[in-house]
Amino acid sequence: MNLKNSGGTGAKDKLPENVTKGIKEFVNKNMVIILFSIICIISIKLSRLSGIFVTRELIARLARNLFLVISLIIPVIAGMGLNFGIVVGAMAGEIAIIFVTYWKIKGIAGFLLCVLLSTPLAIIFGIGTGKLLNKTKGQEMITSMILGFFANGLYQFVFLFLAGGIIPMHDPVLILNTGVGIKNTIDLKNGIASTLDNLLKLKLPAFLIIIAIIGALYYLHKISSFYFTKNYRRQDIEEKKSKNKKYAVTCALSAALCIWSLVIMNTKSKLNTIVVPVVTFLVIAALCVFNQLIMKTKIGQDFRAVGQDMDAAQISGINVDRTRVIAIVISTVLAAWGQLIFLQNLGTLNTYTSHEQVGTFAVAAILIGGASVSKATIGQAFAGTILFHILFTVSPQAGKNLFGDAQIGEFFRAFIAYGVIGISLGLHAWKKKNNTDSE
Amino acid sequence: MVNLKKAINNIGLPRLIISFFLISLLIVAAFLKLSVPKLISDTLVRTGMNGILVLSMLPGMVSGIGMNFGLPLGIICGLLGGMISMEMGLVGIKGFSVAMLISLPISIATGYIYGLLLNRVKGQEMMVATYTGFSVVYLFSIAWIILPFRNPEIAWTMGKGLRTTISVEKAYGRILDNFLAIKIGDLMIPTGLLLFFLLSCYLMWLFLRSKTGIEMKVAGSNPKFAATCGINVDRYRILGTILSNALGAIGIIVYSQSFGFYQLYQAPMMMGFVAVSAILIGGASGNKANISHVIIGTFLFQGVLTVSMPVVNGIVTEGNLSEVIRIIISNGIILYALTKGNGGGKNESQE
C-alpha cells in the first residue's frame, strides 16, 4: 500500500512550493497510471458492480497474480526487457503439479513438493532460455515470446502424446479414456487447491489493522532513529528532515487506517465478509524483500551494470553472459512458483492453456503500472496489477451495460492488454531512437 | 566433405530438414495406403491458398522492416473488403474482384500509417508489429459486432454483429481453384489458383528489378550506404510496409475463396507467424529474401502440414498431433532465424 502511494506523496510535498510545476511533474511521471485509473473508474461506474464485489475479486486476483508480475522485474533491471519467457517457468510449475496430483499427495505437503520439484526444472529451463537470449541480444523480447509458443508445442507433445504412452502413467482421473494424454482440465480440489491460502485467513479489516500497525511502527522506527543518531552532515540533515515529513504523513495515514478498520470491524459492514489469504501475501512480501536485498549484493550490482551498458560491464570484468543467464534463471524459478500460487488459488489446472496468457497478462499489468522495457519497480508491479485486474473484473459487465454485449467488454480488455504492450514498446523504441539520433 | 558442407550451406539446414521430413512423410503415407496424388493435390491447393500471404513477407524483409508479424493488420483490411463485397450481395468474379478493389485502398492507407509507426521504432519492429497486429485483431473483434452489416448471409439473424465464420461457397467459393482446373485421376491441379499466385510472384519479381525495387533493396540491406547515395530510406521502408499490407489483404481473400470461409474475430491472430515461418523455411534470412524462397517455403511448409495430418492420424488416432507439429516447426524455425542474428530489423548499433 505504501509503495503504491510513495510517488504521490512525494509530489504532494512540493505542492505548496510550486504548485504548477509539481503537478506537471507528477502527471508526467505517472501518465500511464493516471490514464488507467481514469479508465478503471469509468469502467467501474459503467459496470454498476458493487464496491464490495470488486474489492473481493481484486484481493483474490492480487493474491493470484502479484508473484508472477514481480518475477518480471529482475530481467528488466539486467537490460533484457520484459521476459515473456516466464511462460516456460509457468510450465515447470504445471509439470510439478501434474506429477504431484498423479501421486495423490495432498495438502500443504503436496504444495511444498510442487515447489521442490518445479525449482530444478525451472533452473534447467531458465539456463536454456538464458543461453538462447544471449544469442539474440537486442531481440530478447520477441525471442522469449516465440520461445513461449515453441515450448507450448513441446509441452503439448509431451503431455498429449507421451504421457500414458512412453511415460508410464495410469490414472482414469488424470489420463484420457484412450490411455494416452492428460485431460484438458485437472481438478485440484482433492490436491493442492487453496493449500497456501487456507493456512491463515483473516477478515479484511483485521488484515488492514495488522498492515497499518506494522507500517506505523516501521516508519516510527525510521523517524526515531534520526533523533537518536548524531553526527549527520549538514546536507544530510536537510534531506532527512524532508524524508521525516513523509514518514510522519505515512504514519498518520496508517494510524487513521487502523482506527477506520477497527470501526468497520465492529459494524455490520460487508467488508467484514471479505477474507484475505494472509500467508500468500506474506510470501509475496518476502519476494519483495528478496528483490530489494538482491540488488544490494554483488550479483544485483552486476545486473544493474549489465542493464545499463553491456560493453562497459564487460570491460569492467563482469561476465555479462553469465549475469544475464542468472537473471533469467531467477525470473524463471519465480515464475514457476508464481504459477503454483496462481493455480492453488484458482483450484483447477487447464493443462494446455493455463500458461498461455501468463506472459502477456503479467507484462501488460506491469506496463499499466508505469514500468517500461528498461525500468520496473515493485511499486509499479503493485499499482499495475491492481489496475489491470480491476479492468479485467469489470470490463465484461461494463461492455454489457454500454453496448448490450458482454463480449465487447471482453474484447476491449484484450485490446487494452495487447494495445498497452504495443504502445509501451513502441514509445520505448521511439525514445531510444531519438536519443541515438541526437547524439 | 567440404563440398557436402558447402552444399548444405547453399540449400540451408532448415530447408534440408523439412524436405527430408516431407519426403519421409510421403513414403509413410504410401505405406499407409493413403492416396499420394490426392495428398499432392491438397498440397498444391494449400500452397496457392497461402502463397500470397507468404509473398507479403517479401517486400517487408527486402525493405528492411524485417519479418512482418503485423500481418493481421493487412488480413483485416482484406476481410473488411470481403465483408463489404458480401454485404452488397455481389457474387462470382464480380464479388471476388470488388472485395479486392475495396480492400486495396484501405490496406494502402493503413499500411502507410503502419509504416510511419515502424519507422519510429527501428530495432524493435518485430515486437511492435506483433502487438499492433494483436491489438488490431481485438479492435476489429469489437468492430465486427458494432459495424452496421445487415445482409443475413453474413450477419447473425439474432443479436448483433457478424458471424464467426462466413461461407463464401455461394458467392465465389473456389472460383480460382476451379478455373482451368486439370484432373488426372486423383490428382487435381488448381490451375487458376496457382496461376494467380505465380502471376503475383512474377509481378513482384518485375517490381524488385525496377529502379524503385532496386533502390528499396539497397535501402533495406544497407541503410547507411543507401542514405549516402541519396536514397530516402524511410520512404522505401514505408513503401515496403504498404506492399506487404496490401498483399496481406489480397492474400486473405484468395485464401478464403479456396478455404470456403471468411474467418473473423480471433482467427487472423496467428496467421502472421505461419507466413513468417514459411518464408524462413524457404531459405530467407534477414533482408535476403527472394521469390524462390517464397515459393519453395510455402510448398514445403504447407506440404508438411497437409501430409502430416492424415499420416499422423493413421498412426496416433487421438488428439491433434499435426497441429502440435505445426506449432513446433513454425516457432522453431523463427527461433532458429532469430539466433542466426538475421531476424531482420537488426539493431544498427550492434553491427
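The sequence lines fix the lettering, A, B, ..., with proteins before strands; numbering per chain opens at 1. Quick note: numbers below take in every heavy atom, side chains included, and nothing from hydrogens, waters or symmetry partners.
Less than 6.0 angstrom separates the ring centroid of A/Phe84 from the ring centroid of B/Tyr131.
Using a 4.5 Å cut-off between heavy atoms, B/Glu323 makes no contact with chain A at all. The parts of B/Ile328 that come within reach of chain A are both its backbone and its side chain, each placing non-hydrogen atoms under 4.5 angstrom from that chain. Looking at B/Ser141, both its backbone and its side chain come within 4.5 Å of chain A, counting heavy atoms on both sides.
For the atom pair CD of A/Gln156 and CD1 of B/Ile325, the computed distance is 12.0 Å after rounding to the nearest 0.5 Å. Residue A/Met145 holds its CE atom at 8.5 Å from CD1 of B/Ile334, rounded to the nearest 0.5 Å. Here B/Ser330 contributes atom OG and A/Ile146 contributes atom CD1; the two are 7.5 Å apart, rounded to the nearest 0.5 Å.
Within the 4.5 Å cutoff, the side chain of A/Phe150 has no heavy atoms near those of the B/Ile327 side chain. Annotation: side chain of A/Trp430 is not in contact with side chain of B/Leu117 (no heavy-atom distance under 4.5 Å). Contact check for A/Phe411 versus B/Tyr265: side-chain heavy atoms found under the 4.5 Å cut-off.
For a heavy-atom cut-off of 4.5 Å, chain B lies close to A/Ala414, A/Phe415, A/Tyr418, A/Gly419, A/Ile421, A/Gly422, A/Leu425, A/Gly426 in residues 413-428 of chain A.
By the 6.0 Å contact criterion, NZ on B/Lys288 is open, its count of non-hydrogen atoms from other residues, nucleotides or ligands being 12 or less. Remark: B/Tyr112 OH is loosely packed, at most 12 non-hydrogen atoms of other residues, nucleotides or ligands lying under 6.0 Å away.
Between the side chain of A/Gln139 and the main chain of B/Met126, no donor-acceptor pair closer than 3.5 Å is present.
Legend: residues meeting side chain to side chain contact (heavy atoms under 4.5 Å, CB included) with B/Ile146, ordered by chain and number and at least two apart, are A/Phe403, A/Ile408, B/Ile142.
Of the listed residues A/Thr360, A/Leu147, A/Asn152, the one with more heavy-atom pairs under 4.5 angstrom with chain B than any other is A/Leu147.
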